[in-house]
Number of protein chains: 2
Amino acid sequence: MTPQRMAIMDYLDGNTQHPSAAEVYEAVLRKFPTMSFATVYNTLRILKERGLLAELSLDPAKKRFDANPAPHHHLICVNCRKILDVMRPFDLSLPQDDRHRFRILGNHVDFYGICPRCASPEPAAKPGKGR
Amino acid sequence: MTPQRMAIMDYLDGNTQHPSAAEVYEAVLRKFPTMSFATVYNTLRILKERGLLAELSLDPAKKRFDANPAPHHHLICVNCRKILDVMRPFDLSLPQDDRHRFRILGNHVDFYGICPRCASPEPAAKPGKGR
DNA sequence: CTGGCTGCAAATCTTTTGCATCCTG
DNA sequence: CAGGATGCAAAAGATTTGCAGCCAG
């Protein structure tokens with residue numbers, strides 16, 4: 001655990017914004033002006049491999065990172081791509097017929113919709129590119 | 001509907017492989033050797049905008065495309081990234097408390113696990129890069 | 001000294017864009 | 001001829017890799 005890694009974990013810990021690697025980089029840069037992209041990416045990969053954070057595939061444009069260790073689901077605005085956590089558990093056992101002989105490890109639910117800001121007559125946020 | 005677009009739809013229609021844009025390109029290239037990346041990407045975007053196909057965020061490394069119009073879920077091998085369809089519906093109404101005043105449009109469940117091939121002692125597939 | 005980590009640059013991969021051309025009506 | 005589609009090349013954005021230098025054990 002180097003100072004850089006701690007800074008990255010500090011930034012992600014308790015952060016519910018699901019930041020992208022670029023956002024992590026910008027944030028940590030304030031503390032470590034010499035921090036490089038490569039270190040951020042390498043560190044995020046290593047932390048992910050060690051199970052300290054999760055990489056989310058919710059945004060096709062880029063990876064987003066989540067340091068919340070509790071299993072949870074997500075609510076995504078299809079317009080501005082804002083992502084909120086849904087901590088409520090769901091009972092989602094996959095029936096044998098649908099398992100295709102996979103060993104099931106877990107599941108994840110995405111709810112998608114329009115957030116209040118984007119639903120308002122004068123949308124506050126531009127649409128994300130949503131790649 | 002141009003011949004190129006029909007070729008792309010033909011390739012995707014009934015295809016349960018959830019191919020990436022590059023895979024679509026390679027496949028359609030056999031029929032249209034002059035087909036360019038740009039046309040594939042532009043066409044995929046247009047078909048998506050018209051609701052003829054869905055763009056999946058299941059693979060952080062790249063977009064995957066699915067022409068199956070029925071709402072359904074996915075079962076993903078975390079090792080080789082193989083993706084299977086789960087046509088069974090789930091009752092997943094999000095309680096008011098968790099809606100954060102979003103207008104909910106839908107949901108999608110990913111089940112993840114290890115497929116039989118990757119679980120076998122001599123794994124047949126290399127791990128995907130999983131970006 | 002050795003191994004791991006950092007920082008920089010270059011490379012890679014995926015996707016998008018600009019633009020000239022072509023086809024269709 | 002006007003609009004839309006294609007093909008090519010270049011650009012853009014995200015991520016990875018190669019490599020030299022640095023630091024700690």
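Source: prediction; values computed, not measured. Below, chain A is the first sequence line, B the second, and so on; all start at residue 1.
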>> If hydrophobic clusters are built from ILVMFWY residues whose side chains come within less than 4.5 Å, do Y112(A) and L56(B) share one?
In response: no
> Quick one: is dC13(C) close enough that its OP1 or OP2 comes under 4.0 Å of any side-chain N or O from K63(B)?
Replying inline: no
> salt bridge (Lys or Arg N to Asp or Glu O under 4.0 Å): which pairs involve residues 13-24 of chain B, sequence neighbours left out?
Replying inline: none
> Separation of Q4(A) atom CD from dC22(D) atom P, in whole Å?
Replying inline: 15 Å
> How large an angle, rounded to 10°, do the end axes of the helix from dC1(C)-dG25(D) to dG25(C)-dC1(D) enclose when each is built from five base pairs?
Replying inline: 10°
>> Could you list the cluster mates of L47(A)? Members are the ILVMFWY residues connected by side-chain heavy atoms closer than 4.5 Å, either directly or through other members.
In response: M1(A), M6(A), I8(A), M9(A), Y11(A), L12(A), V24(A), Y25(A), V28(A), L29(A), F32(A), M35(A), F37(A), V40(A), Y41(A), L44(A), L52(A), L53(A), F65(A)
> Of the residues in residues 20-44 of chain B, which ones touch DNA chain C at a heavy-atom distance under 4.0 Å?
Replying inline: A21(B), A38(B), Y41(B), N42(B)
> What's the closest nucleotide to the R50(A) side chain, out of dT6(D), dT15(C), dC5(C)?
Replying inline: dC5(C)
> Just checking R5(A): base, sugar-phosphate only, or nothing, at a heavy-atom cut-off of under 4.0 Å?
Replying inline: sugar-phosphate
> Quick one: salt bridge (Lys or Arg N to Asp or Glu O under 4.0 Å) pairs with a partner in residues 86-112 of chain B, sequence neighbours left out?
Replying inline: R88(A)-D98(B), D98(A)-R88(B)
> Rounded to whole angstroms, how far apart are CD on E49(A) and P on dT15(D)?
Replying inline: 15 Å
> Starting at CG of D59(A) and ending at P of dT14(C), how long is that distance when rounded to a whole Å?
Replying inline: 17 Å
>> Between P on dA14(D) and CZ on F65(A), what's the gap in Å once rounded to a whole number?
In response: 12 Å
> Taking only residues at least two apart or on different chains, which pairs with a member in residues 26-45 of chain A satisfy salt bridge (Lys or Arg N to Asp or Glu O under 4.0 Å)?
Replying inline: R45(A)-E49(A)
> Residues in salt bridge (Lys or Arg N to Asp or Glu O under 4.0 Å) with R64(B), at least two apart?
Replying inline: D59(B)
> To the nearest angstrom, how far is M1(A) atom CE from dT6(C) atom P?
Replying inline: 10 Å
>> For a quick test of reading the model: is some side-chain N or O of T2(B) closer than 4.0 Å to OP1 or OP2 of dT6(D)?
In response: yes
> Partners of T39(B) by side-chain hydrogen bond (donor to acceptor under 3.5 Å, both in side chains), sequence neighbours excluded?
Replying inline: S36(B)
>> Using every non-hydrogen atom in the two residues, find where A70(B) and M87(B) come nearest and quote the distance to one decimal.
In response: CB-CE, 3.8 Å
> Of all residues at least two apart in sequence or in a different chain, which pass the ring pair (Phe, Tyr, Trp, His ring centres under 6.0 Å) check with H74(A)?
Replying inline: H18(A), H72(A), H108(A)
> Can you name the residues that form a ring pair (Phe, Tyr, Trp, His ring centres under 6.0 Å) with F102(A), not counting sequence neighbours?
Replying inline: none
> CZ of R45(B) versus C1' of dT15(C): gap in Å, rounded?
Replying inline: 11 Å
Protein N or O to nucleotides 21-23 of chain C N or O, pairs below 3.5 Å:
none

> Rounding to a whole Å, what distance do you find between K62(B):NZ and dT16(D):C1'?
Replying inline: 14 Å
>> Give me the atom names and distance for the closest heavy-atom approach of I114(B) to A119(B).
In response: CG2-N, 3.7 Å
